[in-house]
Amino acid sequence: GTPVAMVAEVSVDAGSGKVRVHKIAAAMDCGLVVNPDGAIAQVEGNVMWGVGSALIEELVVEDGQIVATNFDRYPLLTIQDAPEVAVVLVDSGDGKPRGVGEPPLGPVVPAIANALFALTGQRIRQLPMNEARVKAALA
């Protein structure tokens, strides 16, 4: 019951295949907002989680074992690669709170994938959309 919409602004280095997410604009209708700062923070956190999932996070299995046995071997989004996030809270006007939580996570990857398609004309259908996969799609 909490609709969320997002649009991503991205660029791609055609030589390396590296995708950069510059900005994500989000609109969320979670009904009556009791704590706007908290709701915005939830959206921002979900965006960062989604960008990491879209571009770099991946569990690799070799010989039946997960290679990343701890966070020092698991890629996570860094502040350097974090996009700007603009959030608009929409109030449907019915006076009922509907909650925030994870609804903002769902649209992040599709927003990035659609922005990449608009930019390159290529659909990338496997996550993460890392340099190797993007470079292969552009070839």
Side-chain angles (χ1 to χ4, degrees):
T2 301
V4 183
M6 290 188 188
V7 176
E9 179 184 314
V10 304
S11 62
V12 179
D13 181 315
S16 69
K18 180 167 177 62
V19 175
R20 173 104 176 127
V21 179
H22 300 280
K23 183 176 183 178
I24 291 194
M28 178 176 70
D29 180 358
C30 56
L32 174 67
V33 179
V34 177
N35 180 353
D37 290 340
I40 290 168
Q42 284 284 332
V43 176
E44 292 169 340
N46 277 280
V47 166
M48 298 309 159
W49 180 13
V51 171
S53 297
L55 301 182
I56 59 174
E57 292 187 42
E58 181 175 33
L59 278 179
V60 177
V61 178
E62 289 179 3
D63 300 322
Q65 300 286 330
I66 295 173
V67 173
T69 56
N70 208 333
F71 285 112
D72 64 332
R73 300 186 69 192
Y74 185 79
L76 293 169
L77 187 70
T78 63
I79 291 174
Q80 174 183 330
D81 293 321
E84 176 185 346
V85 181
V87 180
V88 174
L89 300 176
V90 179
D91 184 356
S92 57
D94 63 7
K96 298 177 186 176
R98 282 187 279 290
V100 181
E102 285 80 22
L105 178 60
V108 178
V109 173
I112 295 168
N114 285 333
L116 279 171
F117 177 71
L119 181 64
T120 67
Q122 299 298 315
R123 289 276 182 205
I124 300 168
R125 301 184 187 276
Q126 187 175 1
L127 296 178
M129 294 178 268
N130 59 24
E131 285 110 349
R133 290 182 180 132
V134 171
K135 196 171 176 180
L138 297 177

remark   = salt bridge (charged side-chain N to carboxylate O under 4.0 Å, His left out) pairs touching residues 43-66, sequence neighbours excluded, are E58-R133

inquiry  = Could you go through Q122 and L116, starting from their C-alpha distance and side-chain angles, then the distance that decides it, and tell me whether this counts as side chain to side chain contact (heavy atoms under 4.5 Å, CB included)?
reply    = CA-CA 7 Å; Q122 299 298 315; L116 279 171; over 6 Å; no

ask   = Which atoms form the tightest heavy-atom contact between V43 and A26, and what is the distance?
value = CG1-CB, 3.8 Å

task = Kindly work out whether a path of hydrophobic side-chain contacts (I/L/V/M/F/W/Y, heavy atoms less than 4.5 Å apart) joins V67 to V61.
result = no

message = Donor-acceptor pair, distance only, cut-off 3.5 Å: does the side chain of K23 make one with the backbone of P83?
response = no

query = Is there a side chain to side chain contact (heavy atoms under 4.5 Å, CB included) between V33 and D91 once you walk through the steps?
reply = CA-CA 8 Å; V33 179; D91 184 356; over 6 Å; no

Ion pair check, R20 and D13, cut-off under 4.0 Å = no

inquiry  = For a quick test of reading the model, state the closest non-hydrogen atom pair linking G101 to P104 and the distance between them.
reply    = O-CD, 3.5 Å

task = Taking atom CZ of R125 as the centre, report whether more than 12 heavy atoms of other residues, nucleotides or ligands fall under 6.0 Å from it.
result = no

remark   = Rounded to the nearest 0.5 Å, the CD atom of E131 sits from the CG atom of L55 at a distance of 9.0 Å

ask   = When clusters are formed by joining ILVMFWY residues with side-chain heavy atoms under 4.5 Å apart, either directly or through shared neighbours, do V21 and L138 land in the same one?
value = yes

query = Where is the tightest heavy-atom contact between I112 and M129, given as atom of each residue plus distance?
reply = CG2-CE, 3.9 Å

request  = Check the pair V100, T2 against side chain to side chain contact (heavy atoms under 4.5 Å, CB included), reporting the backbone distance first and the verdict last.
outcome  = CA-CA 7 Å; V100 181; T2 301; 5.9 Å; no

key: Least distance between heavy atoms, V90 atom then D29 atom   = O-OD1, 3.0 Å

inquiry  = Treating N114 as the side-chain partner and P110 as the backbone partner, does any N or O pair qualify as donor plus acceptor under 3.5 Å?
reply    = yes

task = Give a yes or no on whether L127 and L77 share a hydrophobic cluster (residues Ile, Leu, Val, Met, Phe, Trp, Tyr; joining criterion: side-chain heavy atoms under 4.5 Å apart).
result = yes

message = For the CG atom on L119, are there more than 12 heavy atoms of other groups (residues, nucleotides or ligands in this structure) within a distance under 6.0 Å?
response = yes

ask   = Looking only at heavy atoms, what is the nearest atom pair of A115 and A8, with distance?
value = CB-O, 3.4 Å

note = dist L32:CG -> L89:CG (nearest 0.5 Å) comes out at 11.5 Å

query = If we only count heavy atoms from C-beta on, is the P103 to R98 side-chain gap below 4.5 Å?
reply = no

ask   = Where is the tightest heavy-atom contact between G1 and P3, given as atom of each residue plus distance?
value = O-CD, 3.4 Å

ask   = What distance do M28 atom CE and N46 atom CG have between them, rounded to the nearest 0.5 Å?
value = 9.0 Å

Separation of C30 SG from Q42 CD (nearest 0.5 Å) = 10.0 Å

message = With clusters defined by side-chain heavy atoms of hydrophobic residues (ILVMFWY) lying less than 4.5 Å apart, directly or transitively, does W49 cluster with I56?
response = no

ask   = Going only through I, L, V, M, F, W and Y residues with side-chain contacts under 4.5 Å, is there a path from F71 to I66?
value = yes

